[in-house]
Protein chains: 2
Amino acid sequence: MAEKDLKERIKEVAVEHFNRNGYHGTTIRNIANDVGCSLPMIYYYYKNKKELFDEIIKKEFFSIIKKQASLLKTSSIIDFYTRFIHDLNALNGYDKQVYRLGIKVYLSFDGDDELMNLMDEWEKTILPRHYRILQPHLKNTDNDTAVVRTLVHLLETLIENIVVKNRYLPEEEIREEIAIVLRGVDGSIPDPQLH
Amino acid sequence: MAEKDLKERIKEVAVEHFNRNGYHGTTIRNIANDVGCSLPMIYYYYKNKKELFDEIIKKEFFSIIKKQASLLKTSSIIDFYTRFIHDLNALNGYDKQVYRLGIKVYLSFDGDDELMNLMDEWEKTILPRHYRILQPHLKNTDNDTAVVRTLVHLLETLIENIVVKNRYLPEEEIREEIAIVLRGVDGSIPDPQLH
DNA sequence: ATAGAATACTAACGAACGTTAAATATAAAG
DNA sequence: CTTTATATTTAACGTTCGTTAGTATTCTAT
C-alpha cells in the first residue's frame, strides 16, 4: 500500500483530468502518470474509465451539493443566501473540481444520458426547495414565483463564477445582488441600503 | 461540387459533433460519415481538426454575439432586454449550436488557452457595455453598479437556459425576471405590469 | 476535344487509446 | 519458513485516432 490511499489519489487526479480535458480527452495513462503508479492499477480499483467518471459524479458531486443544501439557516434570508454562495469560495480544491465537473454534466457538456437524467431529476427539486425556504417571507403578490425563479437563476450564475470560472466573489458583492432580487421580500429589510 | 457548399456542410456537422462529444470526443471520421463525404475531404478544406474548431469559434460564434449586441433598442429598457434574450429562442439550429459551443469555451469546458484568452477579453467588455446602456436610466444611487452586475448575471443564466439547455423561455417569464432586477430603474415603468 | 485545375476517393501510416493476461513483488497468516 | 492473499508491474492485444501520399474523377476554359 502506498503512503496514502491509492484509490482516493487516483480519483483526485482523475477529477483534475476530467475537468481539464473532458471525458474523451482524459486518458488512463495520463492519470496513472500523475498519480505515480502503473497503468493497470487504475483497473485494479475501478472496472473501467466510465465507472471512475460515474463514481465522481454519483458519489462525490451529489454528496457535496447535499451537504451544501443542508446548511444552517441564519437570521435574515439575505444572510442565508449570501452565506450559501459565499461558502463556496472556501471549498477545497478537490470539492470545487468535483462541483465543477458536476456542473459540466448538468449543462450536458460531458457525461452520458444516464448522468444527464440524474441531473434533470435533481434540477426539478431546486425551484420547489427554494420556494419552500422563501415562502414565509413572501408577500403573496402575484410575482412571488417570479422572484423565486429569478433568485435561483442568479444563484446559478454566482455558483458558476466561483466554481466553474474559479473566481473569488466577495461577500459584499454577493449580498448586493441577492438583496436586489429580494428587494421588497420580508426579512430582507425592505429597500435595504437605499434609504 | 456537391449539392450545397461542402465546406459549409462540414462545418455544420462539426458543430453538432463538437457540441455533443466535445473536442476530443469528436472524430474526423464521424464528421465525414455524417456529411456523406470521404475522410480526407475535411483536410481538403481545413488544415486540421483544430483549425476546424477554431474557425467555428473565431468566425461563427463571435459573429453571432456581435450581431446580437447590435440589436435595435426598443422603447423601454425592460423591453429592450426582454427582446435581447427572447430573440435567442428563435435562433436557428446551427447558430444556437455555435453559440452553445462558444459558451462551452467561455466556461473553459472546451477549447484551448488561446481561445480562452479570447473569451476573457470579450468578457471584460460586457459589464462596461451594459453599464453604458443602462446609465441614462440609473438613478445615481450607490448600488448602480451592483444592479448592472446583477442584470448581467441574470442574463447569463437566461442565455444558458435557452442556448445550452435548449429550453424555450416565454417572453413573459423573461420580462418578469428582468423587471425584478431593474425594479426602481428609470424607464422601466416603475413596478411595471403589477398595477 | 483536351489540357489543366479543382474536387474527390482508396489505402495506409504511425501513434495513442482502453483494456487485459501474465508475472512479480509485498504483506499477512499459519 | 512456508503459504496464501493482496498489491503492483511489464508487456502486449486489438482498435481507433489524426493525418497524408497517391490516384482517380469532375469541372472549366480554351
Where the side chain of [X] is concerned, which of [options] is the nearest nucleotide?
| X | options | answer |
| --- | --- | --- |
| B:R29 | C:dT19, D:dC17, C:dC9 | D:dC17 |
| B:P40 | C:dA11, C:dA8, D:dG18 | C:dA11 |
| A:K49 | C:dT7, D:dT19, C:dT19 | C:dT19 |
| B:M41 | D:dT19, C:dT7, D:dT10 | C:dT7 |
| B:Y44 | D:dT20, D:dT9, C:dT7 | C:dT7 |

Let me know the distance between [atom1] of [X] and [atom2] of [N], rounded to the nearest Å.
| X | N | atom1 | atom2 | answer |
| --- | --- | --- | --- | --- |
| B:K47 | D:dG18 | NZ | C1' | 14 Å |
| B:E8 | C:dT7 | CD | P | 14 Å |
| B:H24 | C:dG18 | NE2 | C1' | 16 Å |
| A:L6 | D:dT6 | CG | P | 17 Å |
| A:F18 | C:dG18 | CZ | C1' | 12 Å |
| B:D5 | C:dA6 | CG | C1' | 14 Å |
| A:N48 | C:dC17 | CG | C1' | 14 Å |
| B:Y46 | D:dG18 | OH | P | 16 Å |

What's A:T27 touching, base or sugar-phosphate or nothing? Going by heavy atoms closer than 4.0 Å.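 Sugar-phosphate, backbone atoms only, no base.
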Would you check if the side chain of A:D110 reaches a backbone N or O of A:Y23 as a donor-acceptor pair within less than 3.5 Å? yes
Could you give me the CA-CA distance, side-chain angles and deciding distance for B:Y99 and B:I162, then say whether side chain to side chain contact (heavy atoms under 4.5 Å, CB included) is met? CA-CA 10 Å; B:Y99 206 142; B:I162 296 175; over 6 Å; no
On DNA chain D, does the nearest nucleotide to A:L39 precede the nearest nucleotide to A:Y45 from the 5' side, or the other way round? Give the residue.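 It is A:Y45 whose nearest nucleotide is closer to the 5' end.
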For A:Y46, does the six-membered ring have the charged nitrogen or CZ of A:K7 within the cation-pi criterion, i.e. under 6.0 angstrom from the centroid and within 45° of the normal? yes
Looking at B:E60, B:K11, B:E12, which hits side chain to side chain donor-acceptor pair (under 3.5 Å) with B:Y94? B:E60
Could you walk me through whether B:K58 and B:E114 pass the salt bridge (Lys or Arg N to Asp or Glu O under 4.0 Å) test, one step at a time? CA-CA 11 Å; B:K58 290 181 179 172; B:E114 187 210 346; 2.8 Å; yes
Check this one for me: any side-chain N or O of B:Y43 less than 4.0 Å away from OP1 or OP2 of D:dT19?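 The answer is yes; a side-chain N or O of B:Y43 sits under 4.0 Å from OP1 or OP2.
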